[in-house]
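Worksheet: one structure, shown below.
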Amino acid sequence: MDYTSNIQQLQLITSKFFQDEYNTHLEPKDIIVNVIAKDIQGDYSVVLFPFLKRFKTNPNELGDKLAAYYKQSAIGVQSHEIIKGFLNLTLKNTIWTSQLEAMLESGEDYGRQAANDNTVVVEFCSPNTNKPLHLGHIRNILIGWSASQILDFAGNTVKKVQIINDRGIAICKSMLAWLNYGEGATPETSNTKGDHFVGHYYVMFEQKFKAEYASWQETEPGKKAYADHGKEKELQEAFYKRYKNQYFNTASAIGEEARALLLKWESGDEATIALWKQMNQWVYNGFDITYAELGVDFDKLYYESDTYLLGKKMVQDGLDKEIFYKKDDGSIWVDLEAHKLDHKILLRSDGTSVYITQDIGTAIKRHEDFGFNKSVYVVADEQDYHFQALFATMKTIGFEFSDQLYHLSYGMVDLPSGKMKSREGTVVDADDLVVEVVDEAANAAKDSHNLVDLPEEEKQSIFTDIGLGALKYFILKVQPKKRMTFDPSQSVDMQGQTGPYIQNAYVRIRSVLSKVEMSEMELSSEYTWQPQEVNLLILLDQFGKVVVDSAKDLDPSNVAHYAFDLAKEYHKFYHDHRILTAETELAKAARLLLSHKVAQTLKQSMHLLGINMPEKM
RNA sequence: GGCUCCGUAGCUCAGCUGGAUAGAGCAGCUGACUUCUAAUCAGCAGGUCUCAGGUUCGAAUCCUGACGGAGUCACCA
């Protein structure tokens, strides 16, 4: 917890050097210290260029002075070399021993940052209740979960929440289809997972609607709509695509029915509410299974049906205070031009709420509940504008905490064939995907002699860890803001830069450690660390910085790449060095303890990604 | 069209708060298991960092502009 990395120490001492020698204050963090590039002699390098002009000196003079200063300080510089403006340092062997000792002392908490007073709310997943979760939700969930873990490990108090969009026209569509065609079926009678069950009726509604729309296009009113409203040179097909929503709201019989159901819901019609509750419950039961499969949970759930009224009230208040304005048709708007945005509708002319209305209510409730220092919304980048508008609206209303709202925007997931389109049935279902990756892991393990004797249940648990490890790592290794291509065949790869590769490094270590009594092992300052061991120590030393940076940027991919680098370096070390039959007892103990720390750090890194480590594979 | 984001090896991605010769993995080709777990390791090959200017000791990284791709600009969410 109070571990200070070598780079931090070098920065601190260098800052002190400039204070002592030049009577100038430099922020330690502004002093550039790098891990040395491969193929160059040394462990760390200090970049001298930035100081040369300022202190009217040259690299050799400054470098020698600095090196001399280091040598009398605690950092333990063994030797130095000045090359092209870089001061390259090799640390004393004993520094590595003492650093590893400090790491071991921190145990599982190595890398964890001291607790601060910040509460961070992280919203993620936030599904609609009319259909099952898909690949897009999976990226969302994994990013949100991992960001939460990282924030927690970085010292914050974290609250994981979601807003469930449980009301509105979408769920009414499913309800209507069930009423008309369900014949009283339930998830139990049809032996279907609840969310899929409800989704089935949603799809059914869309199909019926589509058919109705197609035949309407052949009727006189349908043709007339094209003639009247079609733009010049607009093809029929394009027009009808554009006109679909309007048709739904004005001419569609089935649309009329759905909207009538929504009105009944809003007026609190008992039977409608009961059905709505029932269908939502089916969906929640289904979601819960998916969350459990993915290994995620939430601290608090918000429901749109609970928050939209507060949102409406805030809009009314804002109107009363003339922060917002009303158009002649009765719709209420906010002018966000001061924020370089547009005008945004807050309430429809019929008084019903739109998306942003409930988001206002939700933000307020959330602030009341947690008094957060930061509230993070994990939502795809297609909603970038929406969140700008939401935050600006909150600011316009006058909420101080509006500056603490943050949209963690992530890119949408594409398939190799292009965009996922529900209409074309190319959406990858979350549950199917999980089954697929776990099957693939089982398939890859069928020849493993390490698992043959295990009970079936234990094997299944390992396959789940590995399959999910592959899937989660594949998604999390990409920076959130980048759009990513999801190639199903690549996502189940278990070789190279993958989750299983990292898990394998851990498993190898665990296997070795299981053959000795670790409590008898002691580090000795007599042992001279080998280059590959120093490489591992350099990586381990950086873990805290990785945690801090990842928390600051809300970027799990940073942790993912770190875990891979560490695993890769370990695999190499493992290949080239004997551990249990090391040259000397000193070497054996040193390597065992080093391996132990690597295993712990790998496990912790993967934990931050929401990935479990199996003990065998 | 306005605004926002992205553009690095055949493919998937790092590196981006400016630092040394731009890195991994996959795919391709060569090798290494009677050995602590080969889901591993080593090697070969693969680049105009989209392009053009600018800033500077130094630019994949910062700025400007172009080109290419995506998103958004709903009384949808």
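In what follows, every chain begins at residue 1, and chains take the letters A, B, ... in the order their sequences are listed.
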Scan A:V478 against the nucleic acid and name what it touches under 4.0 Å (heavy atoms): base, sugar-phosphate only, or nothing.
sugar-phosphate
Using ring centroids (six-membered ring only for Trp), state whether A:F391 and A:H339 fall under 6.0 Å.
no
Ring centers of A:F209, A:Y247 separated by less than 6.0 Å
yes
Name the pairs: protein N/O against N/O of nucleotides 25-31 of chain B, kept only if under 3.5 Å.
{"from": "B:rG25", "atom 1": "OP1", "to": "A:K568", "atom 2": "NZ", "distance (Å)": "3.2"}
{"from": "B:rG25", "atom 1": "O2'", "to": "A:Q497", "atom 2": "N", "distance (Å)": "3.1"}

Contact class for A:P50 (heavy atom, under 4.0 Å): base, sugar-phosphate, or nothing?
base
Ranking B:rA42, B:rA14, B:rG19 by distance to the side chain of A:I32, first place goes to B:rG19
Please report the distance, rounded to the nearest Å, between CG in A:N130 and C1' in B:rC76.
12 Å
Contact class for A:D359 (heavy atom, under 4.0 Å): base, sugar-phosphate, or nothing?
nothing
Is A:S557 side chain donor-acceptor paired with the B:rA14 base, going by distance under 3.5 Å alone?
no
Once you round it to whole Å, what is the distance between P of B:rC5 and NZ of A:K481?
7 Å
Which part of the nucleic acid, if any, lies within reach of A:V47 when heavy atoms closer than 4.0 Å are counted: base, sugar-phosphate only, or nothing?
base
Touch check for A:I40, heavy atoms < 4.0 angstrom, all strands: base, sugar-phosphate only, or nothing?
base
Nucleotide B:rC3, atom C1' - distance to CG of A:L341 in whole Å:
9 Å
Tell me if the aromatic rings of A:F573 and A:Y570 count as close, with their centers under 6.0 Å from one another.
yes
Verify stack between A:F49 ring and B:rG58 base, 5.5 Å, 30 degrees:
no
Looking only at side-chain atoms of A:Q479, point me to the closest of B:rU35, B:rA14, B:rA77.
B:rA14
Using a cut-off of 6.0 Å, state whether more than 12 heavy atoms not belonging to A:K616 lie near its atom NZ.
no
Is there ring stacking between A:Y501 and B:rA39, where the centres must be under 5.5 angstrom apart and the planes under 30 degrees?
no
Does A:K419 reach a base, just sugar-phosphate, or nothing at all? Heavy atoms under 4.0 Å.
sugar-phosphate
Under 4.0 Å, counting only non-hydrogen atoms across every strand here, what does A:N128 touch: a base, just sugar-phosphate, or nothing?
sugar-phosphate
Distance under 6.0 Å and angle within 45° of ring axis: A:K173 vs A:F248
yes
Indicate whether OP1 or OP2 belonging to B:rC73 is found under 4.0 Å from a side-chain N or O atom of A:K344.
no
For A:Y355, report the nucleic acid contact type (base, sugar-phosphate, nothing); a contact means any heavy atom under 4.0 Å.
base
Does the structure place the NZ or CZ of A:R167 under 6.0 Å from the centre of the six-membered ring of A:Y308, at an angle of no more than 45° from the ring's axis?
yes
Round to a whole Å and report the spacing from CG of A:D555 to P of B:rC13.
14 Å
At under 4.0 Å between heavy atoms, what does A:N450 touch on the DNA or RNA strands: base, sugar-phosphate, or nothing?
base
Determine whether the aromatic ring centres of A:Y355 and A:H386 lie less than 6.0 Å apart.
yes
Test: A:K327 cationic atom under 6.0 Å from A:W333 six-membered ring centre, within 45° of axis
yes
By the 4.0 Å heavy-atom rule, please label A:A445 as base, sugar-phosphate, or nothing.
base
Any sub-3.5 Å donor-acceptor pair from A:D553's side-chain atoms to A:D555's backbone N or O?
no
Is A:K572 close enough to B:rA42 that one of its side-chain N or O atoms is under 4.0 Å from OP1 or OP2 there?
yes
Main chain of A:D384, side chain of A:D381: is a donor-acceptor contact present, judged purely on distance under 3.5 Å?
no
A:K482 side-chain N/O to B:rC16 phosphate OP1/OP2 under 4.0 Å:
no
Please tell me which of the listed nucleotides, B:rC13, B:rU4, B:rA70, lies nearest to the side chain of A:R483?
B:rA70
N-glycosidic conformation, B:rC33 - syn within 90 degrees of 0, else anti
syn
Whole-Å gap separating C1' (B:rG18) and CG (A:L48)
16 Å
Check every strand shown and say whether A:M484 touches a base, only sugar-phosphate, or nothing at a heavy-atom separation below 4.0 Å.
sugar-phosphate
Please confirm whether the shortest side-chain N or O distance from A:R167 to OP1 or OP2 of B:rC76 is below 4.0 Å.
no
Pairing string of RNA chain B (Watson-Crick or G-U wobble, both atom distances under 3.5 Å; | = paired to other strand) is (((((((..((((.....[...)))).(((((.......))))).....(((((..]....))))))))))))....
Decide if atom NZ of A:K603 counts as having more than 12 heavy atoms of other residues, nucleotides or ligands within a radius under 6.0 Å.
no
Base, sugar-phosphate or nothing for A:I36? Non-hydrogen atoms, less than 4.0 Å.
base
Using a cut-off of 4.0 Å on non-hydrogen atoms, how would the nucleic acid contact of A:I466 be classed: base, sugar-phosphate, or nothing?
base
Have a look at A:E615 and say if it touches a base, only the backbone sugar-phosphate, or nothing, with a 4.0 Å heavy-atom cut-off.
base
A:M494 CE to B:rA38 P: how many Å, rounded?
18 Å
Ring centres under 6.0 angstrom apart (A:Y501, A:Y473):
no
